[in-house]
Amino acid sequence: MIAEVIVDIASGETDRIYDYLCDETIAEGSRVRAPFGGKTVAGFVMRLKERSEVPKEKLKKVFSFPDGVPALNGECLSLAGKISARYKVPKALSLRLFLPPEMRSGKVRELMKNYAELKVPLEETEFSKTAVKQAAAAKYLAENGKTECSFLNGMFSGAVSALEKKGYVTVTREQALRDPYKSLAETEAPVGRELTEDQRRAVDSVKGDERTVQLIHGVTGSGKTEIYLTLIAESLKQGKTSIFLVPEISLTPQMLSQLRARFGRNAAILHSGLSAGERFDEWWRLRTGEARIAIGARSAVFAPIENIGVIIIDEEHDSSYFSETAPRYSTFDIALLRARHNGCKLVLGSATPAVDTYKRAQDQEFNLIKLHKCINKKPMPEIVIADMRREARRGNNSNFSVALKEELKKCLDSGNQAILFLNRRGYSPTVICKDCGYVLKCESCDVSLTFHRDEDCLKCHYCGGRYKMPAFCPECGSKKLSYAGTGTQRVELELKSLYPSGRVLRMDNDTTSGKEGHYKILKSFGEKKADILVGTQMIAKGHDFPSVTLVGILDADMSLHFSDYRSGERTFQLITQVAGRSGRAEEKGKVVLQTYSPENDVLRFAVRYDYEGFYANEISLRAATAFPPFSKIVRVLVSGEDEKKTLEALKTLYFGLERLYTESPDKFLFFNKMHAPIKRIQNKFRYQVLMRLCDTSVLPAVYEISASARTRDVLVSVEENPSNLS
Ligand code: ADP
Ligand code: ZN
Ligand code: ZN
């Protein structure tokens with residue numbers, strides 16, 4: 001047989017099919033070892049065929065990995081081809097998306113364990129009077145079946161080898177599966193609830209509508225999760241598989257335990273918080289069909305399953321659904337390809353759908369399903385605006401408005417809990433010299449350093465660099481270095497002096513390292529071991545804390561004045577999401593939103609939970625200014641350590657793209673080259689060509705030209721409607 005092989009080298013030069021000889025143990029989708037240029041490299045079998053154009057004596061032979069099942073299924077092979085064509089990346093790079101990184105690096109060793117099994121009936125065993133332990137172990141095996149040797153030896157010390165010698169048991173060595181969440185309770189949520197009328201209507205609508213994409217728009221607490229679970233259960237009943245995507249699964253342990261309770265070992269969880277071995281095992285359970293539900297963040301859209309019955313994207317508006325490394329795919333696009341391939345539904349859910357998504361639903365491209373009310377018919381928490389300009393005029397320059405302080409006191413006095421949100425970690429984001437105005441900056445990046453009081457150091461949030469806090473200004477020698485602005489550490493300290501008896505927990509990137517870092521903090525807050533939780537964006541996600549009656553949004557302007565066409569949309573989403581953390585149980589919740597622009601439209605709509613109003617306002621703004629979804633923003637970023645080479649690549653790129661522009665200027669609304677807003681990150685100089693397209697037919701050419709401007713030293717990447725323009 002001849003195998004068409006893609007070698008696992010992500011470069012343009014080797015990005016083609018090579019023919020090899022192979023034996024019949026190799027199937028399409030198998031991983032193989034292939035002799036290549038004097039070395040042995042890993043490769044993937046794309047196709048098998050009878051003969052090759054290459055003369056037989058020139059063909060080399062490939063050998064298979066002992067994988068058992070081909071690593072890639074047919075759908076994955078075809079999808080990888082489409083991804084390479086769409087984003088102009090080598091096939092090896094697209095194929096890698098479908099494999100756990102551990103498989104490629106070869107770092108995971110399968111965890112092998114010894115198991116003992118009784119090979120004669122218990123009645124036929126005979127033991128001397130002193131061999132009590134052996135007799136007990138044999139009895140245990142007769143009752144419980146095959147058992148791990150280490151477990152048996154723990155209970156009946158040394159019994160296994162004695163039994164083996166007598167010929168009563170066989171010991172086999174087998175692969176043991178690691179279960180990543182065994183510490184989570186498996187029965188926290190009742191199984192298979194009766195659906196409400198709204199939920200039933202939604203499920204029927206998803207199943208009955210002929211369109212592929214279904215958008216469920218319902219506020220937090222309107223019961224979307226139960227709808228997803230019902231759809232997954234029905235797919236399972238039909239013998240099909242499912243994919244369930246959530247933004248950041250490590251932040252939602254409650255969701256995990258609910259899924260475990262409902263689907264047990266049928267659910268496989270894929271996320272970056274797992275150890276390499278655990279991730280590999282979960283992936284493998286899916287590939288072999290032992291598990292039929294893939295749950296995870298965006299990369300789970302590449303789950304190695306077949307015969308998919310439903311794909312769900314929860315919180316579809318979340319920016320984590322866009323990859324930030326090549327290929328910069330959108331999870332929605334991949335999910336849509338898979339849904340079409342399998343003829344199944346793609347279900348999107350959100351309380352605050354992305355403006356782009358909602359427009360497509362309004363235009364009837366997607367089926368729009370609205371859930372009108374909360375399950376327990378509770379009103380949404382009241383949001384009050386605290387005008388920080390007025391506070392400043394009254395001489396209050398602290399981070400807490402009078403209203404927030406009063407509400408905090410009330411909340412703590414009545415024994416409830418509060419959550420304070422500030423999307424900035426560290427103590428202060430800028431250290432500035434009061435005498436000369438010098439700002440401390442990272443040596444490798446063009447950004448200011450953040451002071452971290454916990455570790456008494458300065459950190460760069462772009463490259464992770466750490467610096468000692470200087471005693472004097474490096475520019476003028478003055479001692480007057482001051483901390484400008486506020487981060488979560490500063491809020492935590494100020495709270496401790498405002499409410500000495502209040503117990504404060506902080507949750508941000510600095511406090512949540514380790515696999516269960518988030519989980520531990522959330523758990524201890526849930527157990528009321530603290531009164532106030534201060535945190536960044538990560539506290540905004542779907543946790544359910546019944547005792548939280550107050551949420552404070554310390555700086556609503558931070559995302560509002562971000563230089564991005566989506567800043568209004570983001571702010572609305574964030575406020576709605578954070579506000580949803582308040583008053584989840586009996587007591588009515590309250591939200592204090594601090595801002596310097598209280599008259600802003602977006603905030604006004606957010607305060608009233610008026611998504612429709614917000615959307616109408618936003619979409620007319622976008623139409624008037626011809627921003628997405630009425631156009632597409634494309635940025636090609638050029639970055640490299642050597643400034644001269646980077647500029648050369650920029651030139652090549654620019655000339656190529658300029659030709660495109662002059663050929664059909666009517667397809668462009670904007671076209672220019674410039675410095676990227678942050679001129680340098682991790683010692684790499686950054687330039688960009690920025691375009692706004694009203695006709696995307698030039699997009700494939702943009703990818704083509706960008707790929708050819710790439711060199712060994714200079715990275716050139718294309719981003720469509722980038723969510724981060726730094
Ligand atoms: P969402 O995902 O839209 O935010 P959830 O699925 O978390 O909403 O549901 C909100 C609350 O309502 C949860 O506490 C959930 O347990 C409860 N709930 C959901 N569906 C039902 C139902 N059919 N019957 C009773 N309670 C339900
Ligand atoms: Zn100075
Ligand atoms: Zn840096």
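One-based numbering, in listed order, for ligands and for the atoms of each.
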Pick from D510, T450, T536: which one makes a side chain to side chain donor-acceptor pair (under 3.5 Å) with R425?
-> D510
Side chain proximity check, E316 to F332, heavy atoms < 4.5 angstrom = no
Does F605 reach the side chain of E612, with side-chain heavy atoms less than 4.5 Å apart?
-> no
Verify the distance criterion only: is there a donor paired with an acceptor across the side chains of [X] and [Y] at less than 3.5 Å?
X: Q537; Y: N423; answer: yes
X: D198; Y: T196; answer: no
X: T230; Y: Q199; answer: no
X: T352; Y: T576; answer: no

Out of A351, G218, G223, S222, the nearest non-hydrogen contact to atom 5 (P) of ligand 1 is supplied by G223
Nearest neighbour of atom 15 (C) of ligand 1 from the list R193, E226, E197, on a heavy-atom basis = R193
Give a yes or no answer on whether the side chain of S205 reaches the backbone of R201 with a donor-acceptor pair at less than 3.5 Å.
-> no
If the Zn ion (ligand 3) is the vertex, what is the angle to SG of C442 and SG of C463, rounded to 10 degrees?
-> 110°
Vertex the Zn ion (ligand 2), arms to C433 SG and C473 SG, rounded to 10° = 110°
Pull out every atom of ligand 1 sitting under 4.0 Å from any heavy atom of [X], numbered as shown with elements.
X: T196; answer: 23 (N)
X: E194; answer: 22 (C), 23 (N), 24 (N)
X: T220; answer: 4 (O)

Indicate yes or no: does an N/O atom of L195 lie under 3.5 Å from an N/O atom of ligand 1?
-> no
What part of [X], side chain, backbone, both or neither, has a heavy atom within less than 4.0 angstrom of ligand 1?
X: L371; answer: neither
X: T225; answer: both
X: Q199; answer: side chain

Has H461 got an N, O or S atom lying less than 2.8 Å from the Zn ion (ligand 3)?
-> no
Does ligand 1 have an atom that lies less than 4.0 angstrom from a heavy atom of V219?
-> yes
Name the one of F572, F366, Y615 that satisfies ring-ring contact (aromatic ring centres under 6.0 Å, His included) with Y358?
-> Y615
